[in-house]
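Have a look at the structure below before the remarks.
In this text the structure is predicted, and so the values were computed from the model without any measurement. Because only heavy atoms are used, hydrogens play no part in the values below, and waters and symmetry mates are left out as well, while side chains stay in.
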Amino acid sequence: MVNRAERPASTRHLSWNRTALCCLLLTATSACATFRGNSAEGESAGGTYMPVTISGLPDNLQRGAESALQIHGNKADSVLEARRRATQAADTLQEYLASEGYFAAAVSPELVESTDTRPRLDVSVGERFRIASIKVSGTDDVTPQAQQRIRSALETLKPGAWARTTEIEALESLLLRQLQNSGYAFAESKGIDALASRADKNVELTYNMKPGELVRLGEMTIPDGLRTKDKAIRVLQNWDEGDLYSPEKMETLRTRVRSTGLFDGIGVEINEQPDADGTNPVDLKLSEGKRRTIGAGLSYSTSDGAGANASWERRNFRGMADTLGVEAQAATLARHLKVTYKRPNIGRYGRTLTAEAGVRDEETDAYDLKGIKVAANLAQPFNKNFTLSAGAAVDATRSTDYELRAQGINSLQDQVTLSFPLGANYDTVRNPLDPQGGNRAYLGVEPGFSFGTGTVASYTRIQSSVSTYKKMTKRLVAALRLEAGSFLGDDSVPVDRKFYSGGGGTVRGYDYQSLSPKDPKGEPIGGDAMLNVSGELRWRKSEHWGYVAFIDAGAADSDLETAASSMRSAFGLGVRYYPGFGPVRLDIATPLNPREGDEPVHLYISIGQAF
């Protein structure tokens with residue numbers, strides 16, 4: 001604090017504190033207090049109210065003042081309590097006015113004589129103060145990059161602006177971030193000195209920064225005694241030793257460690273003492289979580305039937321952050337058992353190998369199929385949103401020969417299909433079970449060969465989908481999905497390689513696979529193209545309940561143009577219950593352009609949003 005005798009009487013120099021600055025400009029002996037409008041004191045079932053009335057406050061400050069002064073509770077029980085509240089309210093209002101630049105404002109509480117009326121605060125706001133100058137001390141020796149960032153930060157608040165507390169303090173935070181982003185990990189602010197002139201109605205600001213030493217990142221140290229092998233953790237490191245520190249690097253490291261799903265507790269600390277090579281070690285603090293997860297679910301729809309599924313997962317199976325999972329499903333239309341092994345970060349961060357083996361049995365109106373499948377897939381993200389993948393699969397099936405069935409001949413076909421699926425995925429959605437915003441896009445291309453009884457068929461199957469989610473208001477989300485598919489090549493392939501539409505996963509309100517080409521007997525057969533569109537408005541009424549209105553449309557046919565012209569649509573309403581892990585969904589849908597024989601209403605129950 002600078003000695004007041006060294007300054008003209010009209011100025012005061014002090015470390016930044018908005019309440020103290022306001023009070024000092026008025027009198028050197030007055031006591032300043034802060035009244036928190038939402039404090040526990042005085043709270044009851046009486047609701048929110050203003051403890052005082054205000055006189056002399058300009059209209060543009062009225063709303064902010066009322067917000068600062070509102071409290072929860074009932075009116076005062078005694079005159080002493082009413083006087084105490086009035087004094088505290090006056091101090092709070094004076095602090096609010098100072099935060100808006102009215103440092104010379106005067107607030108006088110009326111003497112309270114009764115609890116029957118609210119006391120009045122008489123306000124004289126005076127003139128608003130501006131910023132006269134802004135300086136930064138302690139940064140003369142920082143790197144040129146840091147100095148440039150400081151100059152950029154100073155562009156956000158310039159002399160001549162109103163001396164508003166929020167903007168002054170925001171600049172302090174920004175200066176600190178810019179130093180940290182420039183490699184000064186232990187930078188700190190020593191406060192803001194403010195020289196306020198009542199005569200000139202302005203404030204001279206000096207930001208006192210202490211950058212500390214420039215930090216270069218060194219070795220990442222890993223706690224002893226973890227089940228996870230060091231190799232599986234070191235691959236998460238996102239810097240080369242000697243790189244400059246940045247908060248973004250440390251946050252990325254936390255995100256990578258968190259994404260493994262192995263740790264309940266995660267800490268990242270920079271060692272303040274550099275090693276002999278001048279780099280600062282990065283210490284990981286990790287606490288491993290449970291390794292096993294068991295899950296189960298139920299679903300039901302009038303078009304797809306009932307189903308139940310169960311899963312078991314063992315994380316960190318071999319200490320390499322890998323996962324072994326078993327999934328089983330028993331439903332009206334399909335049964336399957338699948339074992340999946342996933343090994344992340346092979347050779348570099350993000351590169352993931354997924355291998356699976358399973359058996360399945362499907363009985364639908366379009367086909368009957370039994371199969372055994374073995375597949376492997378390698379995925380590589382190129383940034384946090386975009387991933388490419390490539391794989392290979394061998395699928396042995398016994399299925400209905402839909403071409404013979406179209407001729408009235410019932411026959412089964414044994415086939416072995418070798419395929420090489422390629423995929424590109426873009427995803428900015430944060431909550432997969434209940435998206436609130438973001439976009440998803442997927443493009444899959446599957447070339448393959450099928451060897452059957454006396455036949456060899458080659459094909460290419462292309463499938464794409466785009467979904468977008470937009471938060472219209474705090475409680476309303478709009479969701480839109482478009483799916484398209486195309487089949488090129490020989491028809492003598494397993495029946496599940498073709499496209500089908502209708503049912504809970506595509507167009508609610510119609511029977512499963514019913515919006516697909518039909519054979520002479522009226523049974524659905526696969527199409528060479530598919531087009532589906534869905535739109536939803538999702539309203540979250542409360543913490544546990546929400547409602548949905550939706551429209552679905554789609555069809556499968558011989559080509560995309562024909563599928564588009566033959567699309568049928570349905571409208572529906574839904575209820576969502578949110579138990580805490582994701583919504584439980586109940587939808588009711590009805591066809592908008594039904595055909596003869598279509599049911600008027602279909603019901604769907606499952607976990608998670610429709611898309």
Side-chain angles (χ1 to χ4, degrees), residues 1-8 11-25 28 31-34 95-96 98-101 103 129-198 200 202-217 244-251 268-274 278 280 282:
M1 184 83 66
V2 176
N3 192 316
R4 290 182 197 153
E6 299 176 5
R7 299 289 179 179
T11 64
R12 294 291 185 267
H13 186 197
L14 67 162
S15 294
W16 178 259
N17 179 288
R18 58 190 180 188
T19 305
L21 179 58
C22 170
C23 294
L24 186 57
L25 286 168
C32 290
T34 299
E95 180 181 358
Y96 164 71
S99 74
E100 293 295 321
F103 296 117
F129 281 51
R130 293 183 182 272
I131 297 173
S133 64
I134 303 174
K135 297 179 181 178
V136 181
S137 69
T139 61
D140 292 342
D141 297 329
V142 299
T143 63
Q145 179 191 41
Q147 290 176 350
Q148 177 58 43
R149 286 181 168 175
I150 288 172
R151 287 193 292 269
S152 297
L154 292 176
E155 291 294 317
T156 65
L157 184 64
K158 296 183 178 182
W162 297 119
R164 300 182 70 247
T165 298
T166 53
E167 295 173 0
I168 292 171
E169 293 177 346
L171 178 56
E172 179 186 34
S173 299
L174 179 57
L175 289 168
L176 187 60
R177 287 199 306 272
Q178 295 291 49
L179 285 171
Q180 292 171 341
N181 289 334
S182 300
Y184 294 93
F186 305 109
E188 56 183 316
S189 172
K190 290 300 185 180
I192 310 170
D193 288 343
L195 181 63
S197 171
R198 190 166 188 173
D200 296 331
N202 60 31
V203 180
E204 297 177 7
L205 301 174
T206 300
Y207 291 85
N208 301 304
M209 311 305 294
K210 183 180 178 183
E213 296 297 325
L214 191 65
V215 171
R216 295 190 178 276
L217 299 175
L244 283 178
Y245 163 89
S246 76
E248 183 181 4
K249 285 187 175 73
M250 297 301 97
E251 185 55 37
V268 180
E269 297 181 0
I270 308 299
N271 199 314
E272 292 193 39
Q273 295 299 322
N280 295 63
V282 179

**Study point:** Main-chain N/O of Ala146 paired to Thr143 side chain as donor or acceptor, under 3.5 Å
**Key:** yes
**Study point:** Separation between CD of Glu167 and CG of Leu174, rounded to the nearest 0.5 Å
**Key:** 12.5 Å
Review point. Looking only at atom types and distance, does a side-chain atom of Asp200 sit under 3.5 Å from a main-chain N or O of Asn202, one as donor and one as acceptor?
Key: no
Check your understanding: Looking at CG of Asp193 and OG of Ser137, how far apart are the two atoms once the value is rounded to the nearest 0.5 Å?
Key -> 7.5 Å
Review point. Does Gln148 CD have over 12 foreign heavy atoms under 6.0 Å away?
Key: yes
Exercise for review: Using a 4.5 Å cut-off on heavy atoms from C-beta on, say whether the side chain of Met250 contacts that of Ile270.
Suggested key: yes
Practice item. Flag the pair Tyr184 / Val215 as yes when at least one side-chain heavy-atom distance between them is below 4.5 Å, and no otherwise. Key: no
Check your understanding: Does CD belonging to Gln145 count more than 12 external heavy atoms closer than 6.0 Å?
Key -> yes
**Study point:** For the student: nearest non-hydrogen atoms of Gly191 and Glu172, plus distance
**Key:** CA-OE2, 4.0 Å
**Study point:** Gln180 side chain to Arg177 side chain, donor-acceptor N/O pair below 3.5 angstrom
**Key:** no
Check your understanding: Looking at side-chain heavy atoms only, is the closest gap between Ile168 and Leu157 below 4.5 Å?
Key -> yes
Review point. So Leu176 and Met209, side chain to side chain contact (heavy atoms under 4.5 Å, CB included) or not? Walk me through it.
Key: CA-CA 8 Å; Leu176 187 60; Met209 311 305 294; 4.2 Å; yes
Exercise for review: Indicate the atoms forming the closest heavy-atom contact of Leu175 with Ala153, along with that distance.
Suggested key: CD2-CB, 3.9 Å
Point to revise | No-hydrogen, no-angle side-chain donor-acceptor test under 3.5 Å, Asn181 and Ser246 | key: no
Check your understanding: Roughly how far, to the nearest 0.5 Å, is CZ of Phe186 from CD of Glu272?
Key -> 4.5 Å
**Study point:** Cationic N near anionic O, under 4.0 Å, Lys190 to Glu188
**Key:** yes
**Study point:** Exercise: identify the closest heavy-atom pair between Tyr207 and Ile192
**Key:** CE2-CD1, 3.6 Å
Study note, to complete from the structure: All heavy atoms of Pro159 vs all of Ala132, minimum pair found to be CB-O, 3.4 Å
Check your understanding: Do you know which two heavy atoms are closest between Trp162 and Phe129, and how far apart they sit?
Key -> CE3-O, 3.6 Å
Point to revise | OH on Tyr245 to CG on Asn280, rounded to 0.5 Å | key: 11.0 Å
Exercise for review: Check whether any side-chain heavy atom of Ile134 lies under 4.5 Å from a side-chain heavy atom of Thr206, and answer yes or no.
Suggested key: no
Exercise for review: Write down the atom of Leu214, the atom of Ser182, and the distance for their closest heavy-atom approach.
Suggested key: CD1-O, 3.5 Å
Practice item. State whether the side chain of Arg130 and the backbone N or O of Val203 hold a donor-acceptor pair below 3.5 Å, judged by distance alone. Key: no
Study note, to complete from the structure: Between the CG atom in Leu171 and the CD atom in Glu155, the distance rounded to the nearest 0.5 Å is 11.0 Å
Review point. How about Lys249: does its NZ atom have over 12 heavy atoms from other parts shown lying under 6.0 Å from it?
Key: yes
Practice item. Would you give the length of the straight line joining atom CZ of Arg151 to atom OG1 of Thr139, rounded to the nearest 0.5 angstrom? Key: 10.0 Å
Review point. Is there a side-chain contact between Leu179 and Ile150, using heavy atoms and a 4.5 Å cut-off?
Key: yes
Check your understanding: Is any side-chain heavy atom of Arg216 less than 4.5 Å from a side-chain heavy atom of Leu244?
Key -> yes
Check your understanding: Can you tell me if Gln147 uses its side chain to pair, donor with acceptor, with the backbone of Asp140 under 3.5 Å?
Key -> yes
